[in-house]
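This report concerns only the one structure given below.
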Amino acid sequence: MTTKQKAYLALSVTSIVWGTSWVASRYAVQNAPALQVSATRQLIAGTLFAGFFLLKGEKLPSLKQMVWLAGMSVLLFVFANGLATVGVKYISSGLAALIAALYPLSVVIIEKILFKNTRIGLFTFIGILLGISGIAIVFYDNAFHNQSPNYWIGIFVSVIAMLSWSFGTIIIARKQININPYYAIGWEMIFASLILFMTAGVTNNLIPFSQFPAQTWYAIAYLVVMGSLIAVVAFLYTMKHLEASVAALYAYINPIVAIVIGSYLVHEPLTKEIIIGSTITIIGVYMVNQSLKKQKAQQQTKIDSKA
């Protein structure tokens, strides 16, 4: 098998594993508190990440780095991952994955409003419109026929999780610290797990671990080993050996995997409206991503011409 073939295999692993992680999260929280599940997953995965690099000789982060990592952990893992885990307790894993996939659209809007440095042309605007319209189609039927208020809680926290991830990625792109990013992820997960455990305790969402059913532990094990370890290694390999535009394809495949696997394993509905809406959303996200890449290429060309 050639290096490129291995890279495409790694891309497949990333796409499938991160797509199925939404379904695994839904499995995990069916009979256990969502915040506690997220905290447990992050504590285990973060300890493995940070421990691996410490064993390789990495030094402990400085106080300044610790403060930065703690702050980013709130955006990326407390709000983004923690609330996304709460979301799948009340909405389908497929819908949660689709909402998460909207983050490039929100990045464009946030950058435009706060920093005035992103141009929203016609192509970008149509992409944003399609992305939002597709989501609307997916949950339209449930929104007006689902009698449980928890459904809207799931939508609300999933949107907040997506926006938090967007803010986090913007901040990281604008200001980075001199630390191995994957070592940093480990510490961010550890900090987030501590915050989530405290939040779960304050809100009475903690139960003895002995009361976790077997399916929750199986799901957490899958999320840690496959979602947080193997998929990350596969993604790194993909980024190293494939063009960025090809490696980014996982973002369009994840929601499809979540919808299909969710309908099969946890009997989530798979209707023509869901298929149509999901397709429209993914097309919209693709259009926005393409427009962003074009803008960045034009900006780089201007910089090179001035050099």
Side-chain angles (χ1 to χ4, degrees), residues 14-15 18-23 25-26 75-77 79-115 118-143 151-173 245 247-260 262 268 273-296:
T14 302
S15 303
W18 277 347
T20 55
S21 290
W22 290 98
V23 183
S25 293
R26 185 160 171 78
L75 284 175
L76 297 178
F77 292 101
F79 285 116
N81 184 270
L83 291 183
T85 305
V86 174
V88 293
K89 195 174 183 74
Y90 305 119
I91 63 175
S92 70
S93 53
L95 178 53
L98 272 177
I99 292 174
L102 289 177
Y103 92 89
L105 282 63
S106 69
V107 166
V108 170
I109 296 172
I110 293 169
E111 288 270 13
K112 178 65 176 179
I113 294 174
L114 296 183
F115 304 106
T118 299
R119 184 174 61 84
I120 299 181
L122 180 61
F123 194 75
T124 308
F125 178 77
I126 293 174
I128 293 172
L129 187 62
L130 286 175
I132 295 173
S133 299
I135 289 290
I137 292 172
V138 171
F139 71 75
Y140 175 84
D141 185 65
N142 279 336
Y151 177 81
W152 286 103
I153 293 175
I155 295 293
F156 177 74
V157 297
S158 295
V159 171
I160 296 299
M162 180 270 294
L163 291 174
S164 181
W165 184 265
S166 302
F167 274 108
T169 55
I170 290 171
I171 293 172
I172 288 174
S245 59
L249 288 175
Y250 81 91
Y252 313 119
I253 301 173
N254 282 354
I256 298 173
V257 172
I259 290 169
V260 173
E268 295 175 348
E273 287 81 10
I274 290 176
I275 295 172
I276 293 171
S278 301
T279 303
I280 292 173
T281 295
I282 292 170
I283 291 173
V285 172
Y286 175 79
M287 291 176 66
V288 170
N289 273 333
Q290 289 299 109
S291 67
L292 286 178
K293 290 173 186 175
K294 187 176 180 180
Q295 286 186 44
K296 289 178 180 178

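It should be emphasised that the depicted structure is a prediction, and the values quoted were computed from it without experimental measurement. We use all heavy atoms of the structure for the numbers below, so side chains are in, but hydrogens, waters and symmetry mates are not.
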Got a second to check how far Asn81's CG is from Leu75's CG, nearest 0.5 Å?
13.0 Å
Is the shortest side-chain heavy-atom distance between Leu76 and Trp165 below 4.5 Å?
yes
Which heavy atom in Ser106 sits nearest to a heavy atom in Met162, and how many Å separate them?
OG-SD, 3.4 Å
Is a side-chain N or O of Arg26 found less than 3.5 angstrom from the main chain of Gly87, in a donor-acceptor match?
no
Can you name the one residue among Val260, Leu98, Leu95 that meets side-chain contact (heavy atoms from CB on, under 4.5 Å) with Pro255?
Leu98
Only counting residues at least two apart or in another chain, list the ones meeting side-chain hydrogen bond (donor to acceptor under 3.5 Å, both in side chains) with Thr20.
Tyr222
Return the minimal non-hydrogen interatomic distance between Ala80 and Ala161, and the atom names on each side.
O-CB, 3.2 Å
Test log, rule side chain to side chain contact (heavy atoms under 4.5 Å, CB included), inputs Ile99 and Ile155
CA-CA 8 Å; Ile99 292 174; Ile155 295 293; 4.1 Å; yes
Quick check: do Ser25 and Trp22 have side-chain heavy atoms less than 4.5 Å from each other?
no
So do the side chains of Leu83 and Ser164 get within less than 4.5 Å of each other, counting heavy atoms only?
no
Rounded at 0.5 Å granularity, tell me how far CD1 in Ile170 sits from CD1 in Ile110.
4.5 Å
State which residues pass side-chain hydrogen bond (donor to acceptor under 3.5 Å, both in side chains) with Ser93; sequence neighbours excluded, sorted by chain then number.
Glu268
For Ser15, enumerate each residue passing the side-chain hydrogen bond (donor to acceptor under 3.5 Å, both in side chains) test, keeping only those at least two apart in sequence or located in another chain.
none
